[in-house]
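All values below were derived from every heavy atom in this structure, side-chain atoms included, with hydrogens, water molecules and symmetry-related copies excluded. The structure presented is a predicted model; accordingly, all values stated were derived computationally and were not measured.
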Amino acid sequence: MTATNSYHKPVLLTESIDALNIKEEGIYVDVTFGGGGHSREILNRLGKKGRLYAFDQDEDAIKNSIDDERFTLINQNFRYIARFLKFYGVKKVDGILGDFGVSSHQFDVPERGFSTRFDGVLDMRMNQNGGVSAQNIVNEYDENQLYRLFYNYGELKNAKAIAKAIVAARVNTPIRTGSELQEILKPFLQKFKENKTLAQIYQAIRIEVNEEMQVLEDFLLQLPDIVSVGGRISFISYHSLEDRLVKRFIRDGKFDGAAEKDFYGNTFVPFKKIGGMITPTDEEIKENNRARSAKLRIAERI
């Protein structure tokens, strides 16, 4: 079994790669290498002089590296894309692909602590050499900090009550595992909505651990200087917070307020939207349940 199949099944594979309009001698970047499924498809479409750079901060993903002279895998967070492309002598690229969120592998390994299905130590770090873990957050954040992250990143209406319960429960014994956290959360898990609520709470903690929203903003703001005119960006998001940032960036070139305008009132944005939002087919969702929330947005540098 290949790494692609066992580690992570790529979502919207054909659609996301088609979106890049790949030139055989172009330079491309896959900022979320994972199991290498998207990277392999990009390489299949590149000629001998084409180049592909990939980023992944997860040590487990590095084991899936591809033996191809046209390929370079960079073991770093993609928020540093400009710095590392410069290190490799790359000034401009013809396309960037991002498949954001958590890989199947990260969900399926209990000791990583990403999944509500397994009991394991609360970790959730995408970079296993990173500092703050989920355990740090649930045990060290004060009630207001916990409330804000559950409200903003989990979009939970009862965020304040959840934060209060966690703070009260940890007074005598630290919260170390997923099962211990879920025991505290039981009063907030409505019948038939348990999995959804737990997923929202875990998502909020994971986003905080990995600074996912700030990382995505930092990354997107670098793109106008990196992508060549006519180059494409192809991004797959899995939750509304992520998708909202991508959508606003493509539409306005920023995340707050309206797009900038010139003296004549013409809108100035670095990218133009290509087509509408693309979602997986029923058939793909049936084959890969994790594809169900995926949203693909495409844009071109102008």
Side-chain angles (χ1 to χ4, degrees), residues 11 29-34 55-58 76-83 96-103 106-107 112-116 122-128 130-138 140-142 144-157 159-160 162-163 196-226 233-259 269-271 277 290 293-297 299:
V11 175
V29 184
D30 176 357
V31 297
T32 49
F33 179 70
F55 284 76
D56 207 300
Q57 62 182 327
D58 194 328
Q76 291 288 340
N77 190 310
F78 60 76
R79 77 190 308 173
Y80 306 119
I81 183 171
R83 180 192 306 177
I96 300 177
L97 179 133
D99 181 13
F100 306 125
V102 184
S103 74
Q106 289 167 331
F107 271 128
R112 298 297 296 273
F114 284 101
S115 177
T116 60
L122 287 168
D123 192 327
M124 302 193 196
R125 291 174 300 166
M126 292 182 181
N127 178 356
Q128 291 158 290
V132 176
S133 71
Q135 200 173 127
N136 294 128
I137 285 170
V138 298
E140 297 169 16
Y141 273 31
D142 64 30
N144 189 53
Q145 287 174 303
L146 288 172
Y147 156 67
R148 290 179 67 181
L149 81 90
F150 290 133
Y151 184 79
N152 292 327
Y153 297 156
E155 300 179 292
L156 291 151
K157 293 179 181 178
K160 191 175 286 292
I162 292 171
K196 181 182 179 183
T197 304
L198 273 177
Q200 288 172 280
I201 292 167
Y202 270 55
Q203 172 184 290
I205 297 170
R206 190 199 81 223
I207 288 173
E208 182 73 7
V209 166
N210 298 288
E211 300 182 319
E212 291 177 36
M213 294 300 99
Q214 189 59 54
V215 166
L216 186 54
E217 285 191 18
D218 290 349
F219 163 70
L220 291 171
L221 291 174
Q222 296 173 70
L223 301 188
D225 295 326
I226 294 171
I233 54 176
S234 175
F235 296 148
I236 304 167
S237 303
Y238 293 86
H239 58 76
S240 59
L241 301 172
E242 236 168 25
D243 182 58
R244 201 175 298 143
L245 284 183
V246 172
K247 181 181 178 181
R248 286 177 178 172
F249 175 74
I250 292 172
R251 185 188 66 199
D252 301 325
K254 54 200 293 192
F255 309 111
D256 298 303
V269 289
F271 289 87
M277 182 184 71
R290 287 179 181 149
S293 57
K295 296 175 180 177
L296 169 64
R297 295 188 187 274

Rounded at 0.5 Å granularity, tell me how far [atom1] in [X] sits from [atom2] in [Y].
| X | Y | atom1 | atom2 | value |
| --- | --- | --- | --- | --- |
| Ile250 | Leu245 | CD1 | CG | 11.0 Å |
| Ile236 | Asp243 | CD1 | CG | 11.5 Å |
| Gln200 | His239 | CD | NE2 | 11.5 Å |
| Gln57 | Tyr80 | CD | OH | 9.0 Å |
| Gln222 | Glu217 | CD | CD | 12.0 Å |
| Ile233 | Ile96 | CD1 | CD1 | 7.5 Å |

Would you call [X] and [Y] a side-chain contact if the rule is heavy atoms closer than 4.5 Å?
| X | Y | result |
| --- | --- | --- |
| Thr32 | Phe78 | yes |
| Arg244 | Lys247 | no |
| Val138 | Ile205 | yes |
| Phe219 | Ile81 | yes |

query = Where do Leu216 and Glu242 land on the side-chain contact (heavy atoms from CB on, under 4.5 Å) test, with the steps shown first?
reply = CA-CA 8 Å; Leu216 186 54; Glu242 236 168 25; 3.8 Å; yes
Closest heavy-atom contact between [X] and [Y]?
| X | Y | value |
| --- | --- | --- |
| Val209 | Ala134 | CG2-N, 3.5 Å |
| Pro270 | Gly253 | CD-CA, 3.9 Å |
| Tyr202 | Met124 | CD2-CE, 3.4 Å |

ask   = Which residues satisfy the side chain to side chain donor-acceptor pair (under 3.5 Å) test with Ser133, sequence neighbours excluded?
value = Asn136
Sequence neighbours left out, what passes side-chain contact (heavy atoms from CB on, under 4.5 Å) with [X]? Give chain and number order.
| X | value |
| --- | --- |
| Ala199 | none |
| Arg79 | Asn77, Glu211, Gln214, Val215, Asp218 |
| Val269 | Ala259, Thr267, Ile302 |
| Asp142 | Asn144, Gln145 |

query = Asp123 and Gln135: side-chain contact (heavy atoms from CB on, under 4.5 Å), yes or no, with the steps?
reply = CA-CA 6 Å; Asp123 192 327; Gln135 200 173 127; over 6 Å; no
request  = Applying side-chain contact (heavy atoms from CB on, under 4.5 Å), run through Phe255 and Leu220 and close with a yes or a no.
outcome  = CA-CA 10 Å; Phe255 309 111; Leu220 291 171; 3.7 Å; yes
request  = Show your working on side-chain contact (heavy atoms from CB on, under 4.5 Å) between Arg125 and Val132 and close with a plain yes or no.
outcome  = CA-CA 8 Å; Arg125 291 174 300 166; Val132 176; over 6 Å; no
request  = Run the numbers on Phe100 and Phe235 for ring pair (Phe, Tyr, Trp, His ring centres under 6.0 Å), then give the verdict.
outcome  = CA-CA 7 Å; Phe100 306 125; Phe235 296 148; 5.4 Å; yes
Which pairs of donor and acceptor atoms, one on a side chain in residues 147-156, lie under 3.5 Å apart (sequence neighbours left out)?
from	atom 1	to	atom 2	distance (Å)
Asn152	ND2	Arg148	O	3.1
Glu155	OE1	Ser240	OG	3.2

Chi angles and distances behind the ring pair (Phe, Tyr, Trp, His ring centres under 6.0 Å) call for Phe249, Phe271 = CA-CA 8 Å; Phe249 175 74; Phe271 289 87; 5.8 Å; yes
inquiry  = Donor-acceptor pair, distance only, cut-off 3.5 Å: does the side chain of Asn210 make one with the backbone of Met126?
reply    =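 Side chain of Asn210 to backbone of Met126, a donor-acceptor pair under 3.5 Å: yes, one is there.
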query = Checking Asp252 side chain against Ala258 main chain: does a donor-acceptor pair fall under 3.5 Å?
reply = no
task = Any chance you could lay out the side-chain hydrogen bond (donor to acceptor under 3.5 Å, both in side chains) test for Asp99 and Tyr238, step after step, and finish with the verdict?
result = CA-CA 9 Å; Asp99 181 13; Tyr238 293 86; 2.6 Å; yes
query = More than 12 non-hydrogen atoms from neighbouring residues, nucleotides or ligands closer than 6.0 Å to NZ on Lys254, yes or no?
reply = yes
